[in-house]
Amino acid sequence: MKSMNLHELYMKTALNLAKKAFDEDEVPVGAVIVYNGEIIARAHNQIRTLKDPTAHAEMIAITQAAAHLENERLNECSLYVTIEPCAMCLGAVILARFKAIVYGANDPKTGACGSRVDLTKPGLFNHTVEVVGGILEPECRTIIQQFFLNKR
């Protein structure tokens, strides 16, 4: 049996949150934020539940992390999310000065880490964030695909 690395461990937690979103009829995206090896925020999409187009998993988790650290700067934090962040979420990550984004599946429709556009290019903004994609990609892709297949 292959041992699970930390990226996979944190992504598994995000996937469990995506499953919760799926069960609540939300687009199944989950996110966790890690600081010093500890998960300090966790969220899933709540757009329909809250009737709020900004209630993406990443945005909710960022708010939680900032409250937890009592700081708008999340310099030493890493965001783990099941799908590549959109431009809105990536903008918030850059403004909060995250250290890294780790995501599961690419999002060819709205992904802002290279799939649709790349807002992570060094020098594009005053802060550059490290990006790691493809962690538990098959599982992350499958839950999104299954959600939309069920809608058809």
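All residue numbers refer to positions in the sequence shown, counting from 1. Side-chain atoms are counted along with the backbone in the values below, which use heavy atoms only and exclude waters and symmetry mates. Quantities reported herein were computed from a predicted structural model and do not represent experimental measurements.
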Heavy-atom closest pair, residues [X] and [Y]:
X: A112; Y: C86; result: CB-C, 3.6 Å
X: I62; Y: A92; result: CD1-CB, 3.8 Å
X: R73; Y: L95; result: NH1-O, 2.9 Å
X: P85; Y: V81; result: CG-CG1, 3.9 Å
X: P28; Y: A18; result: CB-O, 3.3 Å

Rounded to the nearest 0.5 Å, how far does [atom2] of [Y] lie from [atom1] of [X]?
X: I60; Y: C89; atom1: CD1; atom2: SG; result: 9.5 Å
X: T128; Y: L119; atom1: OG1; atom2: CG; result: 12.0 Å
X: L136; Y: L15; atom1: CG; atom2: CG; result: 6.0 Å
X: I83; Y: I143; atom1: CD1; atom2: CD1; result: 11.0 Å
X: H127; Y: T120; atom1: NE2; atom2: OG1; result: 11.0 Å
X: T142; Y: E137; atom1: OG1; atom2: CD; result: 8.0 Å

Is there a continuous path of hydrophobic side-chain contacts, each under 4.5 Å between heavy atoms, that joins L50 to V29? no
Any chain of hydrophobic side-chain contacts (each under 4.5 Å) joining I47 to L17? no
Please walk me through it: do T110 and R116 pass side chain to side chain contact (heavy atoms under 4.5 Å, CB included)? CA-CA 6 Å; T110 64; R116 188 64 173 170; 5.8 Å; no
Among H56, K20, K19, which one satisfies side chain to side chain contact (heavy atoms under 4.5 Å, CB included) with H44? K20
Considering the options L149, V27, T82, which one meets the side chain to side chain contact (heavy atoms under 4.5 Å, CB included) requirement together with I144? V27
Quick one, V32 with K12, criterion side chain to side chain contact (heavy atoms under 4.5 Å, CB included). Give me CA distance, side-chain angles, the key distance, then yes/no. CA-CA 10 Å; V32 298; K12 274 271 197 234; over 6 Å; no
ring-ring contact (aromatic ring centres under 6.0 Å, His included): which pairs involve residues 72-110, sequence neighbours left out? H7-Y80, Y10-Y80
For R141, look at atom CZ and say whether over 12 heavy atoms of other residues, nucleotides or ligands are found less than 6.0 Å away. yes
Just wondering, are more than 12 heavy atoms of other shown residues or ligands nearer than 6.0 Å to NZ in K109? no
So, does [X] use its side chain to make a donor-acceptor pair with the main chain of [Y] at under 3.5 Å?
X: Q64; Y: R42; answer: yes
X: E84; Y: C113; answer: yes
X: E26; Y: T49; answer: yes
X: N45; Y: A57; answer: yes

So, using ring pair (Phe, Tyr, Trp, His ring centres under 6.0 Å) as the criterion, who are the partners of Y35 when residues are at least two apart? none
Student check: side-chain heavy atoms of C77 and I40 closer than 4.5 Å: yes
Verdict with supporting geometry, I94 and L90, side chain to side chain contact (heavy atoms under 4.5 Å, CB included): CA-CA 6 Å; I94 291 167; L90 190 60; 4.1 Å; yes
Fellow cluster residues of M59, listed by chain then number, with links counted only when side-chain atoms sit under 4.5 Å apart: M88
